[in-house]
Amino acid sequence: MTPAEPPPAPVAGTTAVAPRLVGDEATAALMLGDDALILSHRLAEWTGHAPALEEDVALANISLDLLGQARTLFSLVGDEDELAYLRGERDFRNVQLVEQPNGDFAHTIARQLYFSLAQEIRYTAVVGTDGCPTPIRELAAKAVKETAYHRDHATEWTLRLGDGTDESHARMRRGLEVMWRHTGELFAAVPGLPLDDAALRENWLTALEAVLGEATLPLPQGPDADAWTAGGGREGIHTEPFGFLLAEMQHLHRSHPGATW
Amino acid sequence: MTTPWPLWEVFVRSRRGLSHTHAGSLHAPDAEMALRNARDLYTRRGEGVSLWVVPAESITASSPDEKDPFFEPAADKAYRHPTFYAIPDGVKHL
């Protein structure tokens, strides 16, 4: 019996290459990674524009957490830069919620509340489901702590805006209603992740109703998942603002391929 | 902003056994948000295990004008300082 070859020594400054996923499992990593990357980019747009310096830093921190998640997930599928900078609009599999423009601060918080809550619930389920790919479960176990903080941040702001002044209440309510039509897609089944998505959505609704109730805000009543409403992001169909987001995000890399800091 | 948020002073305990140390200050609408802002501003790189936030207006500070009466007398009385003892070799941190 020949001894197994020792693994090649990792190159200084790089981490060991994670096992590559293929098929549905790669699609799952891509979908979750695209969600994280696109929301990260949207939140980064607040940098220098948030209502207060402290909030500027808070949003940037959340953005960087999500960027880290996206990098890990992309590294399971292929080259991070190629996936982030060289794919076309129809190749992105993120839910349409995360690509929605920031709007005013309340719109951003509404989007953040819907998404963070969903992401935390899904990551928690992924960690506890043996049938999910091991590298994604490892990522989820680490990321769920970050996501819990993101949910907490969005919850605290929802309470303060909802239960604040007439103006803040009206704006928060409007943000929740504008973003609502993009929430039907949040718990669409992700191939490669054998989860009970309908049950997860029930958990999400229960948690959401608790937050909104405390914030004196009504749960939006509009349709969220009917055929007429939005929700083709997982198939690569995106809303109009997404093309502009991609152009800005990819412009530098496409103009100067391989550019480094 | 029409109504600026109140100022909070932030204290961070870097690890168990050490006392909380003043790290800086920030603005926040209330104590809960101040704690979260402090987490984002002062402990993102593993600097702490515990945070305190205190409304800056609750701190009573000595006045710079009173610096002399407050602190000057301590400087010129050498007998108040433990400088007349030989430090044993075994004592490393004094």
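Atom set for the values below is all heavy atoms of this structure, side chains included, hydrogens, waters and symmetry mates excluded. Proteins get letters first, then strands, A, B, ... in listed order; numbering begins at 1 in each.
In A/Glu209, the CD atom is crowded: over 12 heavy atoms of neighbouring residues, nucleotides or ligands sit closer than 6.0 Å. In the displayed structure, B/Glu66 atom CD is contacted under 6.0 Å by more than 12 heavy atoms of other residues, nucleotides or ligands. The environment of B/His22 atom NE2 is dense: over 12 non-hydrogen atoms of other residues, nucleotides or ligands sit within 6.0 angstrom. Taking a 6.0 Å sphere around CZ of B/Arg13, one finds it holds more than 12 heavy atoms contributed by other residues, nucleotides or ligands. By the neighbour-count criterion of 12 heavy atoms within 6.0 Å, atom CZ of A/Arg174 is sparsely surrounded, having that number or fewer from other residues, nucleotides or ligands.
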- Item | Test log, rule side chain to side chain contact (heavy atoms under 4.5 Å, CB included), inputs A/Glu54 and B/Leu41 | CA-CA 7 Å; A/Glu54 287 80 359; B/Leu41 286 166; 3.7 Å; yes
Practice problem: Apply side chain to side chain contact (heavy atoms under 4.5 Å, CB included) to B/Arg44 and A/Val57, showing your working. | Solution: CA-CA 11 Å; B/Arg44 272 285 293 191; A/Val57 175; over 6 Å; no
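In this structure, A/His153 and B/Arg39 have side chains that are not in contact, with every pair of non-hydrogen atoms separated by 4.5 Å or more.
Atom CG of B/Asp40 is separated from atom CD of A/Glu55 by 8.0 Å, given to the nearest 0.5 angstrom.
A cation-pi arrangement is not found for B/Arg36 relative to A/Tyr149, the charged atom failing to lie both closer than 6.0 Å to the ring centre and inside a 45° cone about the ring normal.
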